[in-house]
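Worksheet: one structure, shown below.
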Amino acid sequence: GSTSTESSSSSSESSGKGKGIALAYDVGGRGDQSFNDAAYAGFEKARKDFGIGGEDVEPSDGESDADKVQRLTDLARQGYNPVIGVGFAYAPAIKEAAEKFPKTTFGLIDDETVKGDNIANLVFSEEQGSYLAGVAAAKATKSKVVGFVGGVEVPLIKKFEAGFVQGVKDTDPSVEVKTQYLTQPPDMGGFSKPDLGKEAARGQLDADADVLYHAAGLAGQGVIEAVAAKDKWVIGVDSDQYKQKTLDKYKDSILTSMTKDVSGAVYNLVKSVHEGEPKTGVVRFDLKSDGVGLSDSNPAFAKMTEIQDAVKKAREGIVNGDIKVDTTP
Amino acid sequence: MKKFDKDRLILALGGPVLAIVVAVALTSVVLVASGRSPVQPYALMFEYAMHSDIQVLIVNQAATYYLAALAVAIGFRMNLFNIGVDGQYRLAAMVAALVGASVALPGPLHVLLILVVAMLVGAFWAGIAGILKTTRGVSEVVSTIMLNSIATSVVAYLILPAQFGEQRGNNLTTGEIPESGWFPGIDLGPAGEVYGFVVVAALCGVLYWLVLNRTRFGFDLRATGASESAAIASGVDAKRMILTSMLISGAVAGLTGMPILLGDSHTYSLDFPAGLGFTGITIALLGRNHPVGIALGALLIAFLDKASATLDYNGYEKEIATIMQGLIVMAVVISYEAVRRYGLRRQQQKVGEELAAEAAAADGTDQKTRKEVSA
Amino acid sequence: MSTVLTKPAAQQPKPTARRRLTLAEWMLVVAGILLLVSAVRLITGAHGITSVGQTSTALRLAVPIGLAALGGLWAERAGVINIGLEGMLILGTWFGAWAGVQWGPWTGVVVGILGGALGGLLHAIATVTFGVNHIVSGVAINILAVGATRYLSSFTFEEMEGGTSKQSPPIESITQITVPGLSDAMRDLNDKHWFLVSDVAGLVGGLVTNLSLLTILAVVMVPLSRWVLWNTGFGLRLRSCGENPLAAETLGVNVYKYKYIAVMISGGFAGLGGVFLAEVASNIYQEGQTGGRGYIGLAAMIFGNWMPGGLALGAGLFGYTDSLNLRGGGQNVHALLLLLAILLVLATAWATYRRKFLTAAVAAVSGLVLFVWYLSVDEVPSQFVTAAPYVATLLVLAMSAQRLRAPKAVGKSYRKGEGA
Amino acid sequence: MANHDIHLSVRKGTVHAIVGENGAGKSTLMKILYGMQKPDEGTIAVDGREVSFSDPGDAIDRGIGMVHQHFMLADNLTVLENTVLGSEKLYGIGARARARIKEISDTYGLGIRPDAYVEDLGVADRQRVEILKVLYRGARTLILDEPTAVLVPQEVDALFDNLRELKAEGLTVIFISHKLGEVLSVADDITVIRRGTTVASVKPSEVTAKQLAELMVGAELPSPETRESTVTDTPVLEVKGLTLTENDVVDGARTVLDDITFTIHEGEVLGLAGVEGNGQTELIDALIGTRRPDGGTIALGGEDITSWPTRKRREGGVGYIPEDRHRHGLLLEAPLWENRILGHVTEAPNSKGVWLDIKAARSDTERIVDAYDVRTPGIDVTVGSLSGGNQQKLIVGREMSHNPRFLIAAHPTRGVDVGAQAQIWDQIRAARREGLAVLLISADLDELIGLSDTLRVMYRGRLVADADPATITPEALGSAMTGAASGHLEDEGQDGGEDR
Ligand SMILES: Nc1ncnc2c1ncn2[C@@H]1O[C@H](COP(=O)(O)OP(=O)(O)OP(=O)(O)O)[C@@H](O)[C@H]1O
Ligand SMILES: Nc1ncnc2c1ncn2[C@@H]1O[C@H](COP(=O)(O)OP(=O)(O)OP(=O)(O)O)[C@@H](O)[C@H]1O
Ligand SMILES: [Mg+2]
Ligand SMILES: [Mg+2]
């Protein structure tokens, strides 16, 4: 038979604007309360603002690059533009698909190793935001012990750890940082098992930690729950977790959150495509561009002037290049 | 013998046909119950699978499944339950990728080296379970479950940049295998490329059949699976057999990751497909450990996997395909069992009939033989 | 000569191979292990290995595994292998959360158990009525459960406030109790880091702190299973179906009925394990939450020699090593290397005494390797820490597997009236 | 059809024997009476009232108890548990039940240990547990399906005493056997079954064993007697000082074979008598090579084969008719021709090099089916669908086809019908004439005495006595088997003999 590309709607591809935005998720998918959901938020906002259509697609278990290529191809040939791969796992697939559909813009989140004329690499400097979280933690701790809970021990999460640890140590070298990962790849359960997060957090709390920073996706909810039960501080991740509805019960313990504006990244890419000037190449979201940052929606946090000052100072240092933040611990 | 052949045909086809019909019917019930069209999802999936690029995807995926299922089936034939194919192929693919990326050899040799390494590593990992079983009596079911998790840790450790891996962006990889270590594919133009390894997988199936059905070793293996005690009495060294088949199973498991590694990704990274071993179990069961059956099973599951992608675009849940997979497995095994029983009953009946007829005919001579015997 | 029947057996009866350790002996063994652990703790300074938090986390992590293992026990004691436990756990999490969100956690518990039992029923239909290979049926149930819960989620949770297609809204939590006074006293004692005393305090403290009522319920299930299976007529009938169903049939036991009941109870236990994951371990249903605990439960049951006490021990081992891993693993597991090395030295001595020189040699070499490893690093890499529970299980099984004994007719298909 | 047109009436308070050759349908009939199988037509009446049993529970309620041909005991449960199973309501499962068991055991002299595990019991003990189970349920009618098959004569006598005692108390016993001597000595009435139907009902006083036999098989009963001796001086199998210990986790080593020494010559059948469980199985295992002895040597034709693996021994000319053909001799779900290969996969005509020679194996299977009169519709049917006798004939044919020098024949005619039995005996005799050495192990003492050139008795892992088959009686053999006699057994009544 014919290929799926030839048979249907290859016409719509040439029709310029296409049908709207397409999001292809990585493992976890929509509903992870984390960066997949953030991507979805940007997607929704863009659809509303620009009045366009859209499609978001989940992966299946144990799929290979070929499946991702097929997914991107399917989306591109149906006329979606831009097509965004959420997660670095899409890198090889985007490279292949982008060659097949030169007129479609492909967004690739969290990866800058794959380049192309129609590829926008949306990357974040999580280490910078995490550095600020480290500064806040070092200032907020009374016991001089703070903790980091990572979901799965992958380089991306190690970036969070690296920034956090550096931030803590630069602020107060006497503060001890406990580090804990929940699972090892390819067991991605560490992002989706709140019970593990809860127990890991308890372990750190028992070891006297009083400010915990988590980068554990959904499992982070367990961390927050455990910390709240002990009335200590927790620092959220990705979105402003103080405002998250499901965490309403614990919000008083959420000191701040290290935000990673995946939503904005998606939105801006769509916007650029919509306006006919699609972004390509590396688009970095860092402190400078407000792509990452530290939220202060918790009024208690906003009132801690000493911490706010320290954070502000660190922020300036990073933005003007005085402070270099490592990406590996 | 004519009658038996007709029966055999019924027996061979009855099981799968009955099963698919039942599974489709049950899935439709689920669909109707949730207020969906009971037929449109199938139509969508078939339509989608008519495209040649999807067919290529299905065939490629099936090749991978096929190898995993063969590995499981070798164990099953011996009454060994190798749940560890998953860990075996992941570890094997990772080490093979490491080796492949760090040497430069002329084409065929390079590929051969990678394959040998993969098979050795797979066999080694399965062999641990084999040795634990033969020397310490540890159930391979438990040990392979444990070894799967341990393999995860070992891979996670080895792939660290501090050990043998490299970091590339946010991914960890083993480094790229140079082109001399790629397995050439069959280019079908716009439809894509069929892995060259599909041919190897098919050859493995042929070899599996030959070894099992046409060699002394295969006979011993099947005998051990059918009745360990009888096999031991017949001269099979059961422990050695367990170890050997575990090693072979592991070696084949080691090949499972190769179609992807040599034909597509050329590197082992964090997102290398996991869980193929478990699908392999399903497929071995579906195919009743027969090389052709497994091939059909692999194609069927690959079809459901790939074609279900279209459901998402059309407002259906992709999970329908997963439900169908479960129902198919259930229906297949139940209908096989029903058909098998029917077959056995028929046979017993035949034996009885034939003997009765013979006895009636030979009643006179019968008496005579007895006299002779006692004389 | 005419009274052979009144004579003792004409042949030499096999000396009984089933001598069991008495309670006192068990306590000695336990005391010995505690002593060792305590010593290792003092040597290494890894006080975390017997802290209150450690024990309490271990208990919480052990419960779902233990419940799955109990599920395995009930099915296998009646002769049915249940590798579908994983699927039944999944059903338990989903149904438990679905009902828990809407009608409160205790309704969730009941519905979750029923959900698991539904999986059990399916397994029973396939294996008992249709005589399908038990493993095959179990695998099919695992696939089905994944598909069904995902499918159902997109109709239910996704439409609920705060839920998505992968996750339920939060469920109200079940009451937790802490034995007042005792808990604090134990914690204080534990913090003193005294030899042995603090370790015992850590154990006891962990068992009386932050106990969910569901945890208590789950723990009670172990002796209860033991009592029902071994001390009631019902249990005897059930076990007879796993040992020799034909003999049971000839005595008027309805083998099918008992197998059905057993497998459904098995599913129910797995379901309860699922509810525990959704309601106590966390407070939501989450896709992939069970993470292979059904398989681990099965392993724990085999590890425990198909006995309630043994499987509790097995689940405890998993829970403990898992919790070590989650609570600042590196250092603790490092301490355990020393413990393991010492145990292997003891094993070497024992094997030498029993003149099993090969075993002794293997134990000695492994012990030495561990000891060198212990000395050469300060912390075990986190990748290996994660593997600790599995390696520990393999080691223990390798040392004890030959003594294990499955029910005789387990896994065999049985047809009524087709007996010899 | 296993049964048709059966007429049977049993008087209260009597011992009613049912005789018939193997496969005649006796067990099937009893299973119907006990509710385990349903009759297609016909009626059953108990105490004059018509009944219909849907499962054994119904039969038990009607006071019917059955001791099955094959033990129906769960090895891993205790005697107590096996006994109370299914009747927990009677006396519970605890102390009351234990007391009741003790009481029954004492009343009938059964010597039961309620807390012993069944797997630790010997055959006779298990038999007693089976009887206990029936009595425990207060059965008034006992069905005993071939209870004597595994007992030595003395145990049989004791059992019969028990049966008479039961009868005296007004119980009814249905007793199945094809050992006619026993039947005549214990029964009040006899019903004969042939090919699934009742052919006669007689009184023991009115028939002789010979007449009964002819009724049973419709022909003369064959006898296992061996006419002329073919024993030569050439030793084929020499076993010296064979010792085997079993390792027990708890109790350490235990000797199961103790200094076994014997020689079998060309053309000689050495009969080995012994109660099951006294080391015969282990001896066979050691000879065929599935267990390594701890001491001693085995030589075949002068060559030391002690360290040879099983396969090499079989290739070297050891034939093997296993005692449990379903466990050790056949692949039940495989076709006949594959079973023909089993055990000889490395030998012609089954294989060439590493490859199987399926064509040759199939045609040789056809030959065996013909030559050994295996009644089957073809060689592609599964061997499990054949009757026991035909399965056994296939095994004998297979083993004989490889010209063994030495044959291990363990219970070669167990569970085999009379016709097949005679054929198997004939084949063993024929091969012996051509110089085959045979180790014959059998629980059927008539067979043992009739077929052997030399007799040895095994007791607790040792060869404790020998006897001349020409003069020995089953009773004398029996007393040596229970350990009551040892040394050279002269003739009947001579229990003593010098002790070792
Ligand atoms: N396989 C085992 N491994 C380790 N410990 C065990 C094992 N089996 C039992 N135990 C321990 O023994 C105690 C009693 O166990 P359980 O209730 O299973 O009794 P049991 O072993 O059947 O003995 P009995 O039947 O004589 O009471 C448990 O508390 C447990 O700690
Ligand atoms: N439902 C059935 N339909 C047809 N044949 C059957 C059925 N059940 C049993 N048979 C066959 O009928 C024959 C009678 O078997 P049964 O066990 O009753 O014999 P038996 O007289 O007890 O012999 P034995 O002395 O060996 O115990 C056997 O060949 C058996 O395979
Ligand atoms: Mg016990
Ligand atoms: Mg019978």
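Naming convention: chains lettered A, B, ... in sequence-line order (proteins, then strands); numbering from 1 in each chain. All of these numbers come straight from a predicted model, not from anything done at the bench.
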Report which part of [X] has an atom under 4.5 Å of a heavy atom belonging to chain C: side chain, backbone, both, or neither.
{"X": "D/Asn82", "value": "backbone"}
{"X": "D/Ser87", "value": "backbone"}
{"X": "D/Ile60", "value": "side chain"}
{"X": "D/Lys133", "value": "side chain"}

Between D/Ile93 and C/Trp230, what is the shortest heavy-atom contact and its length?
->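 Scanning both residues, the minimum pair turns out to be CD1-O, 4.5 Å.
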
Looking only at heavy atoms, which two atoms of D/Pro56 and C/Gly252 are closest? And how far apart?
->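 Of all heavy-atom pairs spanning D/Pro56 and C/Gly252, the closest is CB-N, 4.0 Å.
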
Does the side chain of [Y] come within less than 4.5 Å of [X]'s, by heavy atoms?
{"X": "D/Asn76", "Y": "C/Glu243", "answer": "yes"}
{"X": "D/Asp55", "Y": "C/Asn254", "answer": "no"}
{"X": "D/Met72", "Y": "C/Leu251", "answer": "no"}
{"X": "C/Asn244", "Y": "D/Asp75", "answer": "no"}

Greatest number of heavy atom pairs closer than 4.5 Å to chain D - which of C/Pro245, C/Ala247, C/Ala248, C/Ala409 = C/Ala247

Salt bridge between D/Glu119 and C/Arg405, side-chain N to carboxylate O under 4.0 Å?
-> yes

Which of the residues D/Gly57, D/Gly35, D/Gly86, D/Gly94 is involved in the greatest number of heavy-atom pairs with chain C at under 4.5 angstrom?
->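 Among the listed options, the one with the most contacts to chain C is D/Gly86.
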
Leading residue by heavy atom contact count with chain C [cutoff under 4.5 Å; candidates D/Ser105, D/Ala74, D/Gly461] =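 Heavy-atom pair counts peak at D/Ala74.
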
With sequence neighbours excluded, tell me which residues meet side chain to side chain donor-acceptor pair (under 3.5 Å) with C/Asn231.
-> none

Residue pairs, two or more places apart or on separate chains, that pass salt bridge (Lys or Arg N to Asp or Glu O under 4.0 Å) and touch residues 77-88 of chain D =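 Qualifying pairs, neighbours excluded: C/Arg237-D/Glu88, C/Arg239-D/Glu81.
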
